[in-house]
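In what follows, chains are A, B, ... by sequence order, proteins preceding strands, each numbered from 1. Because only heavy atoms are used, hydrogens play no part in the values below, and waters and symmetry mates are left out as well, while side chains stay in.
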There are 4 protein chains.
Amino acid sequence: MIPDSDSDGRRRRQRRKAARPQEIIASALELFVDRGFAGTKLEDVARRAGVSKGTLYLYFESKEALFQAVVQEMVLPELARVEQEVREFDGSAAVLLQRLVNHWWDVVGETRLCGLPKLMIAEAANFPEQARFYVEQVIDRARRLFAAILEKGIRQGEFREMELSVAVRVLMAPLVFAAIWERSLAPFDKECCDVREYLEFHLDTFLRGIAAETPVKRNG
Amino acid sequence: MIPDSDSDGRRRRQRRKAARPQEIIASALELFVDRGFAGTKLEDVARRAGVSKGTLYLYFESKEALFQAVVQEMVLPELARVEQEVREFDGSAAVLLQRLVNHWWDVVGETRLCGLPKLMIAEAANFPEQARFYVEQVIDRARRLFAAILEKGIRQGEFREMELSVAVRVLMAPLVFAAIWERSLAPFDKECCDVREYLEFHLDTFLRGIAAETPVKRNG
Amino acid sequence: MIPDSDSDGRRRRQRRKAARPQEIIASALELFVDRGFAGTKLEDVARRAGVSKGTLYLYFESKEALFQAVVQEMVLPELARVEQEVREFDGSAAVLLQRLVNHWWDVVGETRLCGLPKLMIAEAANFPEQARFYVEQVIDRARRLFAAILEKGIRQGEFREMELSVAVRVLMAPLVFAAIWERSLAPFDKECCDVREYLEFHLDTFLRGIAAETPVKRNG
Amino acid sequence: MIPDSDSDGRRRRQRRKAARPQEIIASALELFVDRGFAGTKLEDVARRAGVSKGTLYLYFESKEALFQAVVQEMVLPELARVEQEVREFDGSAAVLLQRLVNHWWDVVGETRLCGLPKLMIAEAANFPEQARFYVEQVIDRARRLFAAILEKGIRQGEFREMELSVAVRVLMAPLVFAAIWERSLAPFDKECCDVREYLEFHLDTFLRGIAAETPVKRNG
DNA sequence: TATGAATGAGACTTCATTCAT
DNA sequence: AATGAATGAAGTCTCATTCAT
C-alpha cells in the first residue's frame, strides 16, 4: 500500500507540534535554574528551544505561566515513576533505604530535574502558589517515601524508636542539598568531592546512628 | 568647656552618615534574599533603608557593586567573630561539636545572615566572582572549623577514622540546608518542625554514626 | 440529461467561494466600526467570517487593502441603488425630501452601512486616500441628491432662495450625525430618543425654516 | 533682600513639574484625535510633549490611564467656564441661543477641545467607562444648557410648543457634527464651506422653524 | 550630601504576515 | 483553495542610572 504522504506529513507536523511545549519547558528549566526567573530572558529560552520569541506565546500565556508549567510538568511524571519503582523494592529497611537513595540520585540528581530544588528555593517568595504546590506535591510525597521505610525498619527492630518527621528531614537534607549544590556553588568549589561517596558516607553514618541499640544486650 | 552644639550636630550627622552604607547593605540583603538579585528594585532597597534612590549611588557604584558589598561586608565580620569564639571552646570533641552547631545557629541561623546561603546559591551563576569568594572565604573557613574538631576527635579516640572532607560535608549539609529552607520554602511547609530539635537529632545521630567502635564494651 | 453531481458540487463550492470576499468584508466592517482599524485584529475578522487567518490573504493583500475594500465595495452598490430609487421619486420638493430622508434611514441608517460614516471619520487621518474617495464618491453624491431637490423646491417657489451648498450641509448634518451616534455613544445615552421622531422633527423644522415667505397667501 | 536662589530654583522646577501632566495630556489629545487610541504610539506622544518615553509613566500608569486623563481633565474645566458665561447671558431666547452657539464654537470649535467629540465617538466601544462619563458629564450638561434656553423661549411665547429632548438633539447635531467634521473629513472636502456661515444658516433656519405661529399678530 | 525627576536601553508581549502542508 | 503554526518587527512598560537643584 502506498503510504498517504499527506496524512504522514500532517502526523509528522503534529508530532513536532506536540513536542514543542516540552522542548520549551526543558529550555526554560535550564535557564531559570541557572539565572533565576527574573534574570532569564524569554528570547534566550526561545533560542535554546530553537524557536522564535513569538512561538513561546502559542503555548504559554506569559512568562509566569511558563514558570508554572516548568514546575508542574517536569516533576509529576518523574515523581510518579519513582514512587512506582519504590513500591517494587524488597529487602530489609536498611537495604531499601540504600536503594532509594541511590535511585533518587540516579533519577533526580543526574537529570535535568536536579535543578528544580534550587529553582524553587530561589523563587519561592516570588511564586507562593508554585512554592506551595512544590512542597505539597513533591517534598511531602518524597518524605512519605522515606518515612514509610524508616517506619518499617522500626517495626522490624532494625532501627531504634525516633520522631519520624524529624528523622526524615535529617535523612533527606544532605540529599536535597547535594542537588542544590551541584547546580549552584559546586563549580566554584575546588575540593568538590564525589557525590556518590558523600551519599554513601551519609547513609552509612545515618544507619549506624539510628541502629537499634545492641541487640546483644537485649538477649543478655 | 562649652559644648559646641554645631560640631555636635555635625558629629551626629556624621555618625548617621557612617551608618548609611550598613543600613543600605542590610536592606539590600533582605530584598536580594527574598526576591533575588534581578527581582529586586533599587527603589525598594532605597525606601527600606530610608534614603532616596540617588543616594544609593553615593555609596555604591552600581547594583552589582551593592551585591558585592552585601556578600563581603555582611559575612566577614560575623565569621571572624565565630572563629574567635570557637577558639575559646574547650572540652571533648563531641561537646565542641555540639557547641559549634548551636553557636552557628545562634549567630547565622537566627540573624539576617541566615539568608546569605540562599542568596549565594540562587545567584552563583550570575556572579561567579562572588560565588568563588563565598566558597573560599566562607564555606571553606567553616569547613576548616568543623574539620579541626573532627580531627581532634579522631586523635583522641572519640571518633572512628574517616575521610574528613566527606564527613565535614555530610555534617554541615543539614545545617546549611536548614538556613536555606527557613528563608525559602519553610513558610509553605505545613508540618514545619522545630529547627533546634532537627539539629539535635542530626548531631546525635551523626555522633553515634561516627563513634569509635568499641567492641570491647559489647562483649563486656 | 444526467445531472453531473461533480459539477454540481463544484458549482456550490464556487458559489461559496464567490461569497467569501463579501463575508470577510462584512466581518471587517463590523469590527473596524466597533474597534477602529488599528484596534481590530485580523484573527477576529477571520473568526467572525468563519475562515482561517491565512485565508484572508488569499483575497486581500494586506490589512490596508481590506480596509480599502470595505470602504469601496460596501458603499458603491448601495449608493447606486439609492440614486436609482430617488430618480423615481415624484411629487413636491417637500414630499421628495421627506421620502429621501426616510429612505436614507431605511437603507443606510438601519443596515450595516450605518457604521461607515463613523469609520471614515475615525480613520480619515490614517487613510487619506480612502477619505478622499469617501468624500468624493459618497458624501458629494449624497449632497447632489439633496441639492437637486432643494433646487427644484426653490424653482417651484416652495422654498426661499438660499446658498445651496450651505443648506445641504445643514440639512444632512443631523442625518449623518444620527448614524454616527447610533454606532458610538448611543449605548451610553440613557435618554436616547427615537430616531424616526428625531428625523421627523428635524425635517419639519427645516422645511418651515426654508419655506418661501408668503404671509400674504396665509392671510388670503 | 537677596532672593533665595535655591528656593527660587525649586519653585521653577516645581512649576515645570506641575505643568508636565497638562503638556502630556495636550499632546496625547492631539494624537489620539488624529490617529485613534490604538494608532497612537506613546513614543510620539512623548516626543510631542518634549519628554522621554519613560517620563509618561511618572504621571500616568498606562496608556489607558492617559486616555482617561485626556477625557476628564481636558473637558471639565472648559465646560464649567462655558456654563458660567452662559449664566451671565441676557436677552430674548433667540438672542441667547445665538450667543450660545457662537460662544460654543469660540470655545469648543476652535480650540483643542474640538477634537474630543471625534475621539469619543471613535473610541466609545473600546472605553465604555469613559464613554459613559462623556455622555453624562459633557453631552448631558450641554443639552441642559440648550434645553433651558428653549424652555425659556417657549414660556415667553417666542417658540412654539415642542418635545424638548428631541428639539435639543436636532439643534445640537449640526454643531457637534461641525466639530467632528473639522477634525476628520474636512481636509478632504474640496468645497468646504465656512463654518460660521453654516452655523448661522442652521440657527436662522432652526429659529424660523420653531417660531411661534402667529402670522396674524404680525399683521395686526 | 541628598534628592527625585528624567532618561533610554531593554524586557515582555502582540499581531500582521508568511509558508509548509 | 485553505489552514494554522511560526515568525519577528514594533509596541508598551520597567527600572538602573544620571544630573540639575
Query raised in the report: Should D:Tyr57 be listed as having a side-chain N or O under 4.0 Å from OP1 or OP2 of F:dC15?
Result: no
**Report entry** Residue-phosphate contact under 4.0 Å: C:Arg20 side-chain N/O, F:dA2 OP1/OP2
**Finding:** yes
Query - Residues which pass salt bridge (charged side-chain N to carboxylate O under 4.0 Å, His left out) with A:Arg112, listed by chain and number, not counting sequence neighbours - result: none
Query raised in the report: Got a sec, which residues hit salt bridge (charged side-chain N to carboxylate O under 4.0 Å, His left out) with C:Arg48, two or more places apart in sequence or on another chain?
Result: none
In whole angstrom, what separates [X]'s [atom1] from [N]'s [atom2]?
X	N	atom1	atom2	answer
C:Leu56	E:dC15	CG	C1'	13 Å
C:Tyr59	F:dA2	OH	C1'	8 Å
A:Phe60	E:dC12	CZ	C1'	16 Å

Report task. For C:Ala46, check side-chain contact (heavy atoms from CB on, under 4.5 Å) against everything at least two apart and list the hits. Result -> C:Val51, C:Leu56
Requested in this report: Can you run down the salt bridge (charged side-chain N to carboxylate O under 4.0 Å, His left out) pairs that involve residues 63-76 of chain C, sequence neighbours left out, and say none if there aren't any?
Outcome: none
Query raised in the report: Quick one, which residues of residues 63-70 of chain C touch DNA chain E with a heavy atom under 4.0 Å?
Result: C:Lys63
Report summary line: What residues 35-48 of chain A contributes to the DNA chain E interface at heavy-atom separation below 4.0 Å is A:Thr40, A:Lys41, A:Leu42
Requested in this report: With the side chain of D:Leu58 defined as its heavy atoms from C-beta on, choose the nearest nucleotide among F:dT3, E:dT7, F:dC13.
Outcome: E:dT7
Report task. Report yes or no: is there a donor-acceptor pair, N or O only, under 3.5 Å between the side chain of C:Lys53 and the base of E:dT17? Result -> yes
Query raised in the report: Taking C-beta and beyond as the side chain, do A:Tyr57 and A:Leu42 meet within less than 4.5 Å on heavy atoms?
Result: yes
Report task. Could you check if a side-chain atom of B:Leu29 sits within less than 4.5 angstrom of a side-chain atom of B:Val71, using non-hydrogen atoms only? Result -> no
Query raised in the report: Stepwise, does the side-chain contact (heavy atoms from CB on, under 4.5 Å) test hold for A:Arg47 with A:Asp44?
Result: CA-CA 5 Å; A:Arg47 185 172 20 253; A:Asp44 293 342; 2.8 Å; yes
Query raised in the report: Only one of A:Phe32, A:Phe60, A:Tyr134 forms a ring pair (Phe, Tyr, Trp, His ring centres under 6.0 Å) with A:Phe67, so which one is it?
Result: A:Phe32
Requested in this report: Would you kindly compare A:Ser52 and C:Thr55 by the position of their nearest DNA chain F nucleotide and give the one closer to the 5′ end?
Outcome: C:Thr55
Report task. Could you check A:Val51 against B:Ser62 and say which one's nearest nucleotide on DNA chain F is further toward the 5' end? Result -> A:Val51
**Report entry** Stem segments of DNA chain F by first residue number [Watson-Crick or G-U, under 3.5 Å, at least 3]
**Finding:** E:2-21 with F:2-21
Query raised in the report: Are any side-chain N or O atoms of D:Lys53 and backbone N or O atoms of D:Glu43, one a donor and one an acceptor, separated by less than 3.5 Å?
Result: no
Cut-off 3.5 Å, no hydrogens considered: what does the side-chain donor-acceptor table look like for residues 123-133 of chain B, sequence neighbours left out?
unit_1: B:Glu123; atom_1: OE1; unit_2: B:Asn126; atom_2: ND2; d: 3.0
unit_1: B:Glu123; atom_1: OE2; unit_2: B:Phe37; atom_2: N; d: 2.8
unit_1: B:Asn126; atom_1: ND2; unit_2: A:Arg35; atom_2: O; d: 3.2
unit_1: B:Gln130; atom_1: NE2; unit_2: B:Gln68; atom_2: OE1; d: 3.4

Report task. Taking side chain to side chain donor-acceptor pair (under 3.5 Å) as the test, write out the residues that go with A:Ser52, two or more places apart. Result -> A:Thr55
